Amino acid sequence: MRAIGGLGSGSFGVIREREGRKGLGELGLGLARDGANVVRFETGGRRKKVGKVVLALEKGGVQQQYVNGMADGAPGENFHQIATVGNSTNIKWHSCSVGKLDRQVLLGQKGCVIWITGLSGSGKSTLACAISRELHSRGKLTYVLDGDNIRHGLNSDLSFKAEDRAENIRRIGEVAKLFADAGVICIASLISPYRKDRAACRALLPEGEFIEVFLDVPIHVCEQRDPKGLYKLARAGKIKGFTGIDDPYEVPVNCEIILNQKGHETASPCELAEKVISYLDKEGFLHA
Ligand SMILES: Nc1ncnc2c1ncn2[C@@H]1O[C@H](COP(=O)(O)OS(=O)(=O)O)[C@@H](OP(=O)(O)O)[C@H]1O
Ligand SMILES: Nc1ncnc2c1ncn2[C@@H]1O[C@H](COP(=O)(O)OP(=O)(O)O)[C@@H](O)[C@H]1O
C-alpha cells in the first residue's frame, strides 16, 4: 500500500509514494493506494474506497496519477459518473494519457502558482517580471498573470466592487491552476485584497503548490510612488473604493513569503525575486 499526498477535494490528484517512510495510512490519516483503488483511512483503522488509480506511471517509481470518485468532497464510488458542478449539468471528467508528470519531466521543473498580493504600487508587476526574467534565463518556463492585464481581456466585464474583485480572483486562480497543471511556474500578481478569495485559490491547488507572497510595502510608500496617479485621484475622491484609501486590504496570515520594506530601505526587484526563487529551489520546483 502506498500513501498519497497532495490531493485536494477535486476529481484529480497526484499520488506520491513515500518509499522508506512511514505512510500516511499507517499514521491513520488521509488517502492511500490499495491495488487499483484509492482508499481513505478512517478512525479505527477502517478503509473506505473513494476512487480508482487510472494511470500508473512508474517514472523512477515516484509518482502516479489518480482520479477520485468525489465531487466537492462528497463520497462516491465511480469516477465515470455523470456529474453536476455549479450550473454545469451532465458533465463527465475526461482524463488524458499525457499527464502533469509527463509535462514536468519534459520541462525539467514542477508546476506551481506564485501568488503575489499587495497594495497598488507595492511593486507586484515589477516583481513578477523580475522573477519571470530570472527564471527564463535559467531555462525555466514561467507565465505572468497580471491583474491589470487580465482586466484588459478575460476580466474586462468586472468592476472593483467586492463581488467583482472576488470573481476576478476566482477566474485568475482557475487559470493559474491550469498553468500549474501544464507544468508552468505561473506568477499571478494582483491586489487580491480579501483573505477568503486568496484562500479559495490556494484550495484549488495541491498542498505546497500555491506560494503566497506578500509584498509588504506601507501605503505611504506606495502613495509616494503613485506611478499611475491613481492614489492622487482616489484622495481627491475621483476614484471611489480604492484599495488602501476607502476600500480594505486584508494582510495575509500564514503566507509562504513576506517581502518587507525595512524602514526607508527598499530591496531591488532583483533581490526580491531572488528570495522567491531561492524558495522555489529549496522546495524542489526547479527540477522535475
Ligand atoms: N478601485 C481600485 N482599487 C484598486 N486598484 C484599482 C482600482 N481602480 C483601478 N485600479 C487599478 O487596477 C489594478 C488592480 O487590479 P487587480 O485585478 O489586481 O485588483 S483586485 O485583485 O481585483 O483587487 C491596479 O493595478 P496595480 O497598481 O498594478 O495594483 C490599479 O491600476
Ligand atoms: N523594489 C522596488 N523598489 C523601488 N521601486 C519599485 C520596486 N518595485 C517596483 N517599484 C516601482 O514602484 C512602482 C509600482 O510598481 P508596480 O510593479 O507597477 O506595482 P504594482 O503592480 O503593485 O502596482 C513603479 O514605479 C516601480 O518602478
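In each ligand, atom 1 is the first atom listed, and ligand 1 is the first ligand listed. For reference, positions follow the sequence shown, starting with 1. Predicted, not measured: the structure shown is a model, and the values here were computed from it.
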Inset, instruction - Considering only NZ, NE, NH1 and NH2 on the basic side and carboxylate oxygens on the acidic side, decide whether E209 and K100 come within less than 4.0 Å. - result: yes

Inset, instruction - Have a look at ligand 1 and work out which part of F160, if any, has a heavy atom under 4.0 Å from it: side chain, backbone, both or neither. - result: side chain

Inset, instruction - Answer with side chain, backbone, both or neither: which part of P269 has a heavy atom less than 4.0 angstrom from an atom of ligand 2? - result: both

Inset, instruction - Give the numbers and elements of all ligand 2 atoms closer than 4.0 Å to a heavy atom of S125. - result: 17 (O), 21 (O)

Inset, instruction - Report the nearest protein non-hydrogen atom to atom 3 (N) of ligand 2: residue, atom name, distance rounded to 0.1 Å. - result: T266 CG2, 3.1 Å

Legend entry - Atom indices of ligand 1 within 4.0 angstrom of G241 heavy atoms, with elements: 1 (N), 2 (C), 3 (N)

Inset, instruction - Could you tell me whether the side chains of S192 and R165 share a donor-acceptor contact shorter than 3.5 Å? - result: no

Legend entry - Per-atom contacts of ligand 2 with L119, taking only distances under 4.0 Å to non-hydrogen atoms: 22 (O)

Inset, instruction - Decide, yes or no, whether a salt bridge links R138 with D281 under the criterion of side-chain N to carboxylate O below 4.0 Å. - result: no

Legend entry - Distance from atom 21 (O) of ligand 1 to nearest protein heavy atom, with residue and atom: S192 N, 2.8 Å

Inset, instruction - Could you list which atoms of ligand 1 come closer than 4.0 Å to a heavy atom of L190? - result: 18 (O), 21 (O)

Inset, instruction - Distance to 0.1 Å, residue and atom name: give those for the protein heavy atom nearest to atom 18 (O) of ligand 1. - result: I191 N, 3.0 Å

Legend entry - Geometric N/O contact N168 with ligand 1, under 3.5 angstrom: yes

Inset, instruction - Can you establish whether the number of heavy atoms outside N254 located under 6.0 Å from its atom CG is more than 12? - result: no

Inset, instruction - Provide, to 0.1 Å, the distance between atom 16 (P) of ligand 1 and the closest protein heavy atom, together with that atom's residue and name. - result: R151 NE, 3.7 Å

Legend entry - Salt bridge present between E174 and R171 (N-O < 4.0 angstrom): no

Inset, instruction - Give the residue and atom name of whichever protein heavy atom lies nearest to atom 29 (O) of ligand 1, and the separation in Å to one decimal. - result: K124 NZ, 2.9 Å

Inset, instruction - Report the relative orientation of the aromatic rings in Y231 and F242; use parallel for angles under 30°, tilted for 30 to 60°, perpendicular for over 60°. - result: perpendicular

Inset, instruction - Could you tell me the residue and atom name of the protein heavy atom closest to atom 25 (O) of ligand 2, and the distance to it rounded to 0.1 Å? - result: P227 CB, 3.7 Å

Legend entry - Y143 OH: over 12 foreign heavy atoms closer than 6.0 Å: no

Inset, instruction - May I ask you to list the atoms of ligand 1 that are less than 4.0 angstrom from any heavy atom of S120? - result: 26 (P), 27 (O), 29 (O)

Legend entry - Closest to atom 12 (O) of ligand 2 (judged by heavy-atom distance), picking from K228, E271, R225: R225

Legend entry - Ion pair check, E283 and K110, cut-off under 4.0 Å: no

Inset, instruction - Could you tell me the residue and atom name of the protein heavy atom closest to atom 23 (O) of ligand 2, and the distance to it rounded to 0.1 Å? - result: G121 N, 2.8 Å

Legend entry - Heteroatom distance test (K124, ligand 2): nitrogen or oxygen, under 3.5 angstrom: yes

Legend entry - Identity and separation of the nearest protein heavy atom to atom 19 (O) of ligand 2: G123 N, 3.0 Å

Legend entry - Nearest-neighbour protein heavy atom for atom 30 (C) of ligand 1, which is reported as residue plus atom name and distance: L230 CD1, 3.5 Å

Inset, instruction - Report the nearest protein non-hydrogen atom to atom 2 (C) of ligand 1: residue, atom name, distance rounded to 0.1 Å. - result: F242 CD1, 3.4 Å

Legend entry - Contact atoms of ligand 1, heavy-atom distance to G147 under 4.0 Å: 17 (O), 18 (O)

Inset, instruction - Flag this pair as yes if the NZ/CZ of R198 is under 6.0 angstrom from the six-membered ring centre of Y249 and inside a 45 degree cone about the axis; otherwise no. - result: yes

Inset, instruction - Please check if I219 and I258 belong to a single hydrophobic cluster, counting links between Ile, Leu, Val, Met, Phe, Trp and Tyr side chain heavy atoms closer than 4.5 Å. - result: yes

Legend entry - Residues clustered with V213, ILVMFWY side-chain links under 4.5 angstrom: I114, I116, L127, I131, L135, V144, I185, I187, I211, L215, V217, V221, I257, L259, L272, V276, I277, Y279, L280, F285, L286

Legend entry - Contact atoms of ligand 1, heavy-atom distance to T243 under 4.0 Å: 3 (N), 4 (C)

Inset, instruction - Please name the pair of heavy atoms, one in E250 and one in R195, separated by the smallest distance, quoted to 0.1 Å. - result: OE1-N, 2.8 Å

Inset, instruction - Could you see which bit of T126 sits under 4.0 Å from ligand 2, with heavy atoms only: side chain, backbone, both or neither? - result: both

Inset, instruction - Would you mind telling me if ligand 1 is within reach of the side chain of I150, the backbone, both or neither, using heavy atoms under 4.0 Å? - result: neither

Legend entry - Electrostatic pair R202-E207, nearest N-O below 4.0 angstrom: no

Legend entry - Electrostatic pair R103:D181 at N-O distance under 4.0 angstrom: yes

Inset, instruction - Using a 4.0 Å heavy-atom cut-off, say whether A267 meets ligand 2 through its side chain, its backbone, both or neither. - result: backbone

Legend entry - atom 31 (O) of ligand 1: nearest protein contact (heavy atom, Å): K228 NZ, 2.9 Å

Legend entry - atom 3 (N) of ligand 1 [closest protein heavy-atom partner, distance rounded to 0.1 Å]: R165 NH2, 3.1 Å

Legend entry - K282 atom NZ, neighbour heavy-atom count above 12 within 6.0 Å: yes

Legend entry - Atoms of ligand 2, numbered as shown, that sit under 4.0 Å from any heavy atom of S120: 23 (O)

Inset, instruction - Using distance alone, determine whether P193 and ligand 1 share an N or O pair under 3.5 Å. - result: no

Legend entry - More than 12 heavy atoms from other groups under 6.0 Å of CD on E163: yes

Inset, instruction - For residues L154 and D157, report the shortest heavy-atom separation together with the two atoms involved. - result: O-OD1, 3.5 Å

